[in-house]
Amino acid sequence: MGPPLIGNMLEFRKDRMAFLIRAARTYGDVVHFRPGPFHAYLLNHPDHIRDVLVGRPAKFLKNRIQGWMVEPLLGKGMIISNGEDHRRQRRAAQPAFAPRRIEGYCGMFVRHAEEAMKAWGTGGEYDIDTEMLRLAMKNLCEALFNADTTDISKRAEEALPIAIELLTKDSELWVPLPSWLPTQHNRKKKEMIRALTDIALSFADDWRKSGVDRGDLLSMLMLARDEEGCPIAQAELRDHLVTMFAAGYETTAFTLIWAWILIAQHPSVEAALHAELDRVLGGRAPTAEDLPKLTYTSMVLKETLRLYPAAWVLALREPVEDVAIGGYRIRKGSFLFISPYIIQRDPRYFDDPERFDPERFSPDAEKEIPRGAYLPFGIGPRVCIGQSFSQTEALLVLATLAQHYRVSVKPGQRLDPWGGLALRPPAGVRVRITPRTSGARAATEAISSPPA
Ligand code: HEM
């Protein structure tokens, strides 16, 4: 438990991922620890996780502490709201993520990937994180805000990561430092948050000039009316838009970054991926109709999200009354940690869990995974609203790019995961990007064609 007041805070701060893994492997399904003066519990059994997220979600609210950690950025947006506020926000945003809508985004995901390929040309050395983050931001801006992406997404690309990094630093303290303190940290944070607010509200201003329903998230929010016929207040609109930025940007980009790293490290997976892409696409760009045929590509992404779930820990939950979980009495107001990263590497549910093996997600094998042991997008009523948006985006981006290019990671870089707001490599990832030759494509086509 550690000393009073500080508890396990120092250990947790030093290496939170290692601390949680150690705690789970040593103490089992429900682990009590103390980040500072608080009582926290890590839930590490699929049944307990389902109990909280699916069985009794109304008894476990998003916790107040993370409210102050991320509220300066997200305001009272959907990720941290509770109860009726949350239901209203989710209802307003849901149509932008309907299957028909997502199908409509497919051409744009591919177009942006093709633009990236044009710049790659005959290949060279790149930071794969910069490339994927740029793509994710363009996709997000165009799909959700119908914004001309070049200028706006550049500004957002600059401000968002800095804001997220400063908030992550705050979150390590567990106790809020007054935001009025004239520190450089606070000044920078305010500046970045103001920049993001300006960007979000400039979308709204642009929209008002035409007032046309373009079928994107922004139009839906701008046209939404409450029971009294009033539009969404400016502050709520801002919170909605910045929340979507924060939730949808790094998550998808880092999933793709990890996928490239893992594919580069596993030549047999790379060969199977190329074989599928050559067989299904044969050199042409993918479309929405190809999605169900890209089964192996999808398995690669699912396995990437098992080992490197971008949301490595879910938003903390707080019981609204004393509850029993797995035979333990947990007091009202404690924090509940649920970590996809920890449970998805648990040897009880995944054989040889550190091994990258997309076959775990072959249609038959996937059915055997216990419910609650694999949850990169969460489960229950707070499941990620952007899940199918992001899965479709990642699949099409990977299929478009991997069909024509190979990525190899320059040796000597640190690639251990670091749990910031999203799970990421500790620094930029330098890679060599090489065009796949048509000869190589013909060879995989020969391997993947059934004998006559
Ligand atoms: C690989 C990509 C992504 C991953 C791994 C991911 C993961 C998650 C997870 C685990 C949750 C549930 C959090 C909890 O229960 O505490 C969540 C919620 C959410 N995600 Fe995602 N997400 C991704 C992409 C996106 C995208 C692209 C968007 C929007 C464009 C998005 C928007 C949201 C929102 C608004 C919520 C809050 C939903 C609610 O509370 O009702 N996410 N996400």
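Since the structure is predicted, the reported quantities are computational estimates derived from the model, not experimental observations. Both counts, for ligands and for their atoms, begin at 1 and track the order of listing.
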Minimum-distance protein heavy atom relative to atom 26 (C) of ligand 1 | G248 CA, 3.4 Å
Provide, to 0.1 Å, the distance between atom 4 (C) of ligand 1 and the closest protein heavy atom, together with that atom's residue and name.
-> F377 CE2, 3.5 Å
So which of Y27, F38, Y41 actually passes ring pair (Phe, Tyr, Trp, His ring centres under 6.0 Å) with H32?
-> Y41
What class does the angle between the rings of Y349 and H45 fall in, given that below 30° is parallel, 30 to 60° is tilted and above 60° is perpendicular?
-> perpendicular
Taking only heavy atoms of G386, which atoms of ligand 1 are found under 4.0 Å from at least one of them?
-> 26 (C), 28 (C), 31 (C)
Could you tell me whether the side chains of W207 and S219 share a donor-acceptor contact shorter than 3.5 Å?
-> yes
The atoms of ligand 1 lying under 4.0 Å from a heavy atom of A311, numbered in the order shown, are 7 (C), 10 (C)
When you look for heavy atoms under 4.0 Å from ligand 1, do you find them on the side chain of F389, its backbone, both, or neither?
-> side chain
Report yes or no: does a heavy atom of K62 sit under 4.0 Å from some atom of ligand 1?
-> yes
Closest protein heavy atom to atom 35 (C) of ligand 1, given as residue, atom name and distance to 0.1 Å = I385 CG2, 3.6 Å
Residue, atom and distance of the protein heavy atom nearest atom 36 (C) of ligand 1 read I79 CG1, 3.9 Å
Just wondering, more than 12 heavy atoms not from R348 lying within 6.0 Å of its CZ?
-> yes
If you measure from atom 15 (O) of ligand 1 to every heavy atom of R317, M78, M244, H240, which option wins on shortest distance?
-> R317
So which heavy atom in the protein is nearest atom 41 (O) of ligand 1, and how far is it from that ligand atom?
-> H86 NE2, 2.5 Å
Identity and distance of the protein heavy atom lying nearest atom 24 (C) of ligand 1 | T251 OG1, 3.4 Å
Can you list the steps and then say if T297 with E276 is a side chain to side chain donor-acceptor pair (under 3.5 Å)?
-> CA-CA 8 Å; T297 316; E276 175 172 276; 2.6 Å; yes
Decide yes or no for T400 and E114: does some side-chain heavy atom of the first lie under 4.5 Å from some side-chain heavy atom of the second?
-> yes
salt_bridge(R208, D205) N-O dist < 4.0 Å | yes
Any chance the rings of F389 and Y105 have centres within less than 6.0 Å?
-> yes
A student comparing Q391, E393, R382 should find that the heavy atom closest to atom 40 (O) of ligand 1 comes from R382
Heavy-atom distances under 4.0 Å are what count here, so tell me which part of L140 touches ligand 1: side chain, backbone, both or neither.
-> side chain
At a non-hydrogen distance cut-off of under 4.0 Å, which region of Q387 contacts ligand 1 (side chain, backbone, both, or neither)?
-> neither
4.5 Å side-chain heavy-atom contact, M192 and R194 | no
Can P376 be said to touch ligand 1, with heavy atoms closer than 4.0 Å?
-> yes
Tell me yes or no: between the side chains of E142 and H112, is some donor less than 3.5 Å from an acceptor?
-> yes
Which ligand 1 atoms are under 4.0 Å away from a heavy-atom of S390?
-> 1 (C), 2 (C), 24 (C), 27 (C)
Aromatic ring proximity, centroids under 6.0 angstrom, Y308 and F356 = no
Quick look: T255 vs ligand 1, heavy-atom contacts under 4.0 Å, and the answer is side chain
Just need the protein heavy atom nearest to atom 32 (C) of ligand 1, so name the residue and atom and give the distance.
-> A247 CB, 3.4 Å
So is Q89 close enough to ligand 1, meaning a heavy atom under 4.0 angstrom away?
-> no
Of the backbone atoms (N, CA, C, O) and the side-chain heavy atoms from C-beta on, which set of L144 has a member under 4.0 Å from an atom of ligand 1: side chain, backbone, both, or neither?
-> side chain
R414 vs P426 side-chain heavy atoms within contact, under 4.5 Å = yes
Criterion side chain to side chain donor-acceptor pair (under 3.5 Å) on R406 and H274, from CA distance to verdict = CA-CA 10 Å; R406 299 189 61 219; H274 287 159; 5.2 Å; no
Looking only at protein heavy atoms, which one is nearest to atom 42 (N) of ligand 1, and how far off is it?
-> C384 SG, 3.0 Å
